[in-house]
Number of protein chains: 2
Amino acid sequence: MEPIDVFKALSNETRLNILQWLKEPEKHFPKQGAHLPKEVSYKGGVCVGDIQEKAKASQSTVSHYLNLMQKAGLLESVRYGQWTYYRRDEEAIRQLAEYFRTEI
Amino acid sequence: MEPIDVFKALSNETRLNILQWLKEPEKHFPKQGAHLPKEVSYKGGVCVGDIQEKAKASQSTVSHYLNLMQKAGLLESVRYGQWTYYRRDEEAIRQLAEYFRTEI
DNA sequence: ATATTATATCGACTTTCCCCGATATGTCAA
DNA sequence: TTGACATATCGGGGAAAGTCGATATAATAT
């Protein structure tokens with residue numbers, strides 16, 4: 001996980017919003033998991049379409065953003081059927097905060 | 001201090017290096033303060049030329065970077081005679097680390 | 001006054017990022 | 001197998017960032 005890639009990922013308001021919305025998915029995405037059968041539930045994950053709707057950007061842009069944030073190490077994803085669910089990688093983010101506190 | 005401007009400022013390897021060098025100026029800039037008479041000493045501040053030399057970028061680029069980091073709130077500067085000394089704004093950086101830990 | 005030195009700013013060019021629509025891929029339902 | 005839907009990827013046009021050399025500004029020394 002390269003710090004510079006993380007900072008680049010955070011250098012955009014929409015992406016920053018997405019990351020913050022995903023801190024409380026049930027609050028910001030009320031219909032979260034509507035498609036997900038319980039037996040495959042992915043705690044805290046939200047599908048691309050729901051994020052796109054809230055972010056008010058094009059589908060391709062949001063897909064691209066999520067992929068970028070995942071490559072930076074901020075998000076993780078799982079695909080169930082035709083949906084891809086993204087959620088925060090809390091452990092990675094915690095480590096980043098620690099990196100920021102001690103190395104920056 | 002806008003988080004996005006801070007993240008942009010940190011999205012560049014040279015700038016990140018400069019910020020980290022300035023954590024220990026006496027270590028990374030041995031001739032630090034050579035020009036500074038004691039009575040106007042600016043603790044931890046390093047002049048543009050010394051930073052440029054170490055950063056291996058053009059004078060204009062380094063000047064631009066330092067100004068950008070200052071506007072983002074990471075650095076503060078004082079001018080003594082023909083020299084401008086830059087140092088970290090530790091309090092601002094501490095607050096940023098806290099922002100990262102609680103809001104990101 | 002003039003020359004020298006340190007820093008800032010300007011103008012230009014290149015590279016990267018932003019963001020979209022169009023299209024491809026994968027999955028499910030009929 | 002066909003159609004509908006969710007997501008990913010491609011290609012591109014415009015905006016911003018990276019970076020430099022040239023020049024301007026400011027301070028100092030002679």
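Numbered from 1 within each chain, the chains take letters A, B, ... in sequence-line order.
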Tell me: NZ of Lys8(A) to P of dA16(D), nearest whole Å?
18 Å
When the distance from CG of Leu10(B) to C1' of dG18(D) is rounded to whole Å, what number comes out?
16 Å
dC10(C), dG26(C), dA6(C): which one has an atom nearest the side-chain heavy atoms of Ser60(B)?
dC10(C)
Could you check whether Asn67(B) gets within reach of a base, just the sugar-phosphate, or nothing at all, counting any heavy atom under 4.0 Å?
nothing
Given atom NZ of Lys71(A) and atom P of dC17(C), what is their separation to the nearest angstrom?
11 Å
Which of dC20(C), dT7(D), dA17(D) is nearest the side chain of Cys47(A)? It is dT7(D)
Whole angstroms only, please: what is the OH-P distance between Tyr65(A) and dC17(C)?
12 Å
Measure the acute angle between the ring planes of Trp21(B) and Phe29(B), then classify it against the limits of 30° and 60° as parallel, tilted or perpendicular.
perpendicular
Classify the nucleic acid contact of Thr84(B) as base, sugar-phosphate or nothing, counting any heavy atom under 4.0 Å across all strands shown.
sugar-phosphate
Closest of dA8(D), dA17(D), dG26(C) to the Gln82(A) side chain is dG26(C)
On a heavy-atom basis, which atom in Thr84(A) and which in Ser77(A) lie closest, and how many Å separate them?
CG2-CB, 4.0 Å
Of all the choices, dA6(C), dA6(D), dA17(D), which nucleotide is nearest to the side chain of Trp83(A) once you look at every atom?
dA6(D)
Answer yes or no: side-chain N or O of Ser58(A) and base N or O of dG21(C) forming a donor-acceptor pair under 3.5 Å.
no
Can you tell me the distance, in whole Å, between the CG atom of Leu68(A) and the P atom of dC17(C)?
9 Å
Contact between Ile104(B) and Gln20(A) at the side-chain level, heavy atoms closer than 4.5 Å - yes or no?
yes
Quick one: is dA8(D) close enough that its OP1 or OP2 comes under 4.0 Å of any side-chain N or O from Tyr86(A)?
yes
Side-chain heavy-atom pair Val6(A), Met1(A) within 4.5 angstrom cut-off:
yes
Does the dA8(D) base have a donor-acceptor partner in the side chain of Gln59(A) within less than 3.5 Å?
yes
The side chain of Asn12(A) lies closest to which of these nucleotides: dC19(C), dT5(C), dA8(C)?
dC19(C)
Going by the rule ring pair (Phe, Tyr, Trp, His ring centres under 6.0 Å), which residues pair with Phe7(A) if we only count those two or more places apart in sequence or in a different chain?
none
Could you tell me how far apart Tyr80(B) (OH) and dA26(D) (C1') are, to the nearest whole angstrom?
17 Å
Separation of Glu13(B) atom CD from dT16(C) atom P, in whole Å?
14 Å
Pick the nucleotide of DNA chain C nearest each of Arg79(A) and Thr61(A); which residue has the one closer to the 5' end?
Thr61(A)
May I have the distance from Gln70(B) (atom CD) to dA8(C) (atom C1'), rounded to whole angstrom?
12 Å
